[in-house]
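Below is one structure; the comments refer to it alone.
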There are 2 protein chains.
Amino acid sequence: MVESRRVTLKDIAKSLGVSVNTVSRALADKDSVSEDTRAKIKAEAARLGYVPNSMARSLVLGSAMTLGLVITNPSNPFYAQLISTIEQRGRTHGYSLMLLVTEESPEVDRKAAETLLRWGVDGALVVPVQGEGEHWARLPESGIPMVCLNRDFPALDLDFVGVDYHHASFQATRHLIEGGARSLCLLEEDLPISPVAERSAGFRKALTEAGITSSEDPVISVPTRRRESLALPWEPADAYRLAQDIVNRGDLPDAVMVGNDYFALGVYRALTEAGLRVGDDVLVGGFGDHPFSAYLSPGLTTVRLPAAEIGTAAVDLLLQRIRGNDGNAVAEKRRERCELVVRASSRASKGTTT
Amino acid sequence: MVESRRVTLKDIAKSLGVSVNTVSRALADKDSVSEDTRAKIKAEAARLGYVPNSMARSLVLGSAMTLGLVITNPSNPFYAQLISTIEQRGRTHGYSLMLLVTEESPEVDRKAAETLLRWGVDGALVVPVQGEGEHWARLPESGIPMVCLNRDFPALDLDFVGVDYHHASFQATRHLIEGGARSLCLLEEDLPISPVAERSAGFRKALTEAGITSSEDPVISVPTRRRESLALPWEPADAYRLAQDIVNRGDLPDAVMVGNDYFALGVYRALTEAGLRVGDDVLVGGFGDHPFSAYLSPGLTTVRLPAAEIGTAAVDLLLQRIRGNDGNAVAEKRRERCELVVRASSRASKGTTT
DNA sequence: GTGAAAGCGCTAACAA
DNA sequence: TTGTTAGCGCTTTCAC
């Protein structure tokens, strides 16, 4: 392989004795080029193996034809699906995807905003690392539309597309209550993010409506040791330990909700090891409908997150903003409804598979 | 927000009455700029909110400072981890990541190569959609180094970093045989890719060494209906159906190997529903050590894939090629060894949790 | 229908 | 130390 320099318009022009300009227009299928020269030019371009230079094109056109996607952890199946959907839909519209992974690090999150700014992406979809995060305001300020994914960032008045966790949590909790649960708890990850807050609120609302009260806070924060390996978004072992504590403490709830299906794995184990039967002795409900959830025994009742819908809606909203068909419209907050998938973990007196 | 045009070097130069060039050098911390003007320039850049234009920079420097990553399906946990590791390591070295998702489509795969060529990425990491795929030769031909990930492409003599599936499969199979299995089968996905071929070969070798023969081919191809949803890399239901057939057929093997842990989910269900106990009646072994595998009951014996090592090694190899520290070296084929994680599914007469 | 010239934002020669 | 010139590869006026 002769590290041959890339073929440019100039090469084609020179080889054919025409101007660069003509070549450009011929290849772009503009009129004002005779059919004859156009054919010659295309043939020569093919012969030489010409590949347009997207960078040069973007520079002059002022559009990167690229979308930025900022994700905390691709190993979260929900985000993995988001990545697929977004890449696919963006590609359909001619956009390439620049992916940044923040691993819940505020520092990396800040740098991600900077990187997107430098590349001048046409728009950005971001799952913000919450807490601080004012740096994200820089994109809209620079005229780069952005929409928050899954995690809302009310302080910044940005477009948002995510899950209606409040409603889903309320619904799932009520389902458990209707199944006979009178004492419940919710295990949540220990991150100051909107999904956690919304699930907690929905959970509490269901308890209140049912007239269930408790002396202790029924929402329990699971101290999570983020894994350096990035193999898991959540560590079942953390929930396992906590569930063991609850079991040992003696005041066992009738039902346990968990903020994600991974926690359910830990809860299942703790209960099983204590000789308790999930679905009979304790109902369990989760979030995510992760691939394994249907195959646990008993099958896990869980909230299916509409990842594809969210990814699609987010891209579409972003493209709309990019095209500027909407003036400086007010920020849109879109929360997609979920489906509760009922399986044996919430059906007392059945307790086998699915 | 006044869609203010982006601040450029020229703006700073004009505002300060110096030349663009001086601004460029001052900001790049080159010497040959007086401390005085440098300070002034930096201050003005900060005041104006200057952000360097990576595209323009790349165009003139002839380096995109971008790596291309082509993945078939991010919902495969192994690939999800690869994405994380690669993004992180590339970023450490100053590279941005352009992600393309091919969904096993040869057409999309072809276009991915084209896109990478157009952007002029500095290097590419690709999980090729196999079968055809000669288009990938275009990258190296154009001077863009590329390394194949996980799936080898012997026809093209490209660099490759992946898993030593042959050895892992051999080892896992031998483990089952040592556990007492005398009749075994392997369920594999129906894709013409090197991992499947290597796992099958390793499996067969173990059988041969143990003197186990069978009238029928013990390697069974699972007809896979790729899911449009992209939520799953493999569909447990497909393996479930097939396992049911095997059970119903009557000639039940002592042990079942599966090419991925998702298939194990289906196999577990089929066996359980037939009243058989995994680990006692039938041993099961998988590939992937996916997050759920430790939490199945019984826990699944499976091969842990060294995703982080592979991602890191692949990026490092690619960077080495990019830097050209190696001349037109011969293609490197690197296969990482795996760890077999033994759990209850392969330990007869125990068969409860973990 | 075609070519010449200008410029996107930046860096790298070369002068001054 | 600084400014001028040139050019990365492309597209877009504007002449001809």
Side-chain angles (χ1 to χ4, degrees), chain A residues 4-42 44-45 48-66 94 117-122 142-144, chain B residues 4-42 44-45 48-66 94 117-122 142-144:
Chain A
S4 52
R5 197 182 41 75
R6 188 168 173 175
V7 177
T8 69
L9 289 188
K10 200 200 267 180
D11 297 322
I12 302 176
K14 194 169 298 175
S15 159
L16 249 37
V18 296
S19 79
V20 173
N21 178 341
T22 304
V23 177
S24 170
R25 283 179 326 214
L27 261 22
D29 275 325
K30 306 230 170 182
D31 35 337
S32 67
V33 176
S34 77
E35 272 317 313
D36 187 43
T37 48
R38 185 195 308 284
K40 269 209 271 285
I41 288 173
K42 289 204 168 177
E44 188 65 3
L48 260 26
Y50 171 72
V51 175
N53 184 323
S54 294
M55 289 237 154
R57 190 156 201 283
S58 286
L59 187 60
V60 53
L61 257 28
S63 160
M65 285 315 286
T66 298
L117 241 13
R118 287 179 181 239
W119 281 112
V121 295
D122 298 285
S142 308
I144 299 178
Chain B
S4 51
R5 196 184 40 75
R6 186 166 174 176
V7 177
T8 69
L9 290 187
K10 199 200 266 181
D11 297 321
I12 302 176
K14 192 169 298 174
S15 159
L16 250 38
V18 296
S19 79
V20 172
N21 181 335
T22 304
V23 177
S24 170
R25 282 179 328 214
L27 261 23
D29 276 324
K30 306 231 172 182
D31 35 338
S32 68
V33 176
S34 76
E35 272 318 314
D36 187 43
T37 48
R38 185 195 308 283
K40 269 209 272 282
I41 288 172
K42 289 203 168 178
E44 187 65 3
L48 259 28
Y50 171 72
V51 176
N53 184 324
S54 293
M55 289 239 154
R57 188 155 202 283
S58 285
L59 186 61
V60 54
L61 256 29
S63 161
M65 284 316 285
T66 298
L117 242 13
R118 287 180 182 239
W119 281 113
V121 295
D122 298 284
S142 307
I144 299 178

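Separating the CE atom of Met55(A) from the P atom of dC10(D) is a distance of 13 Å, rounded to the nearest angstrom. Rounding to whole angstrom units, CZ of residue Arg5(B) and P of dG9(C) are separated by 6 Å. Here the C1' atom of nucleotide dT12(D) and the CG atom of Leu27(A) are 16 Å apart, to the nearest Å. For Ile12(A) and dC10(D), the CD1 to C1' distance is 12 Å, given to the nearest whole Å. Atom P of nucleotide dG1(C) and atom NZ of Lys40(A) are separated by 15 Å, given to the nearest angstrom. Rounded to an integer number of Å, the gap from Lys10(B) NZ to dT5(D) P is 15 Å. Per the geometry, CG belonging to Leu117(B) stands 15 Å off C1' belonging to dG9(D), to the nearest Å. One interatomic measurement links the two molecules: CG of Leu9(A) to C1' of dT12(D), which rounds to 13 Å at whole-angstrom precision.
More than 12 non-hydrogen atoms from other residues, nucleotides or ligands lie less than 6.0 angstrom from CZ of Arg25(A). Surrounding CZ of Arg38(A) are more than 12 heavy atoms belonging to other residues, nucleotides or ligands, all under 6.0 Å away.
The side chain of Asn21(B) lies closest to dT4(D) when the candidates are dT2(C), dG9(C), dT4(D). The side chain of Ser24(A) sits closest to dT11(D) out of dC10(D), dT11(C), dT11(D). Checking dG9(C), dC10(D), dT12(D) against the side-chain heavy atoms of Leu59(B) singles out dG9(C) as nearest. Listed nucleotides: dT11(C), dA13(C), dG3(C). Nearest to the side chain of Val18(A): dG3(C). Distance from the side chain of Thr37(B) is smallest for dT2(D) among the nucleotides dT11(C), dT2(C), dT2(D). Distance from the side chain of Leu61(B) is smallest for dT11(C) among the nucleotides dC10(C), dT11(C), dG9(D).
OP1 or OP2 of dG3(D) sits under 4.0 Å from a side-chain N or O of Ser19(B). Note on Lys30(B): a side-chain N or O is less than 4.0 Å away from OP1 or OP2 of dA12(C). Contact check, Ser34(A) against dG1(C): no side-chain N or O comes under 4.0 Å of OP1 or OP2.
In plain terms, the two heavy atoms of Ser58(A) and Ser63(A) that are nearest each other are OG-O, 2.9 Å.
At a cut-off of 3.5 angstrom, counting only N and O atoms as typed in the model, there is a donor on one side and an acceptor on the other between the side-chain of Arg25(A) and the base of dG3(C).
Salt bridge status for Asp11(A) with Arg5(A): present, with a side-chain N to carboxylate O gap under 4.0 Å.
Remark on DNA chain D: of its neighbouring residues Val20(A) and Val60(B), the 5'-side contact belongs to Val60(B), judged by nearest-heavy-atom nucleotide.
Within the 4.0 angstrom heavy-atom criterion, base atoms lie near Ser32(A).
A side-chain donor-acceptor contact under 3.5 Å links Thr8(B) to the backbone of Lys10(B).
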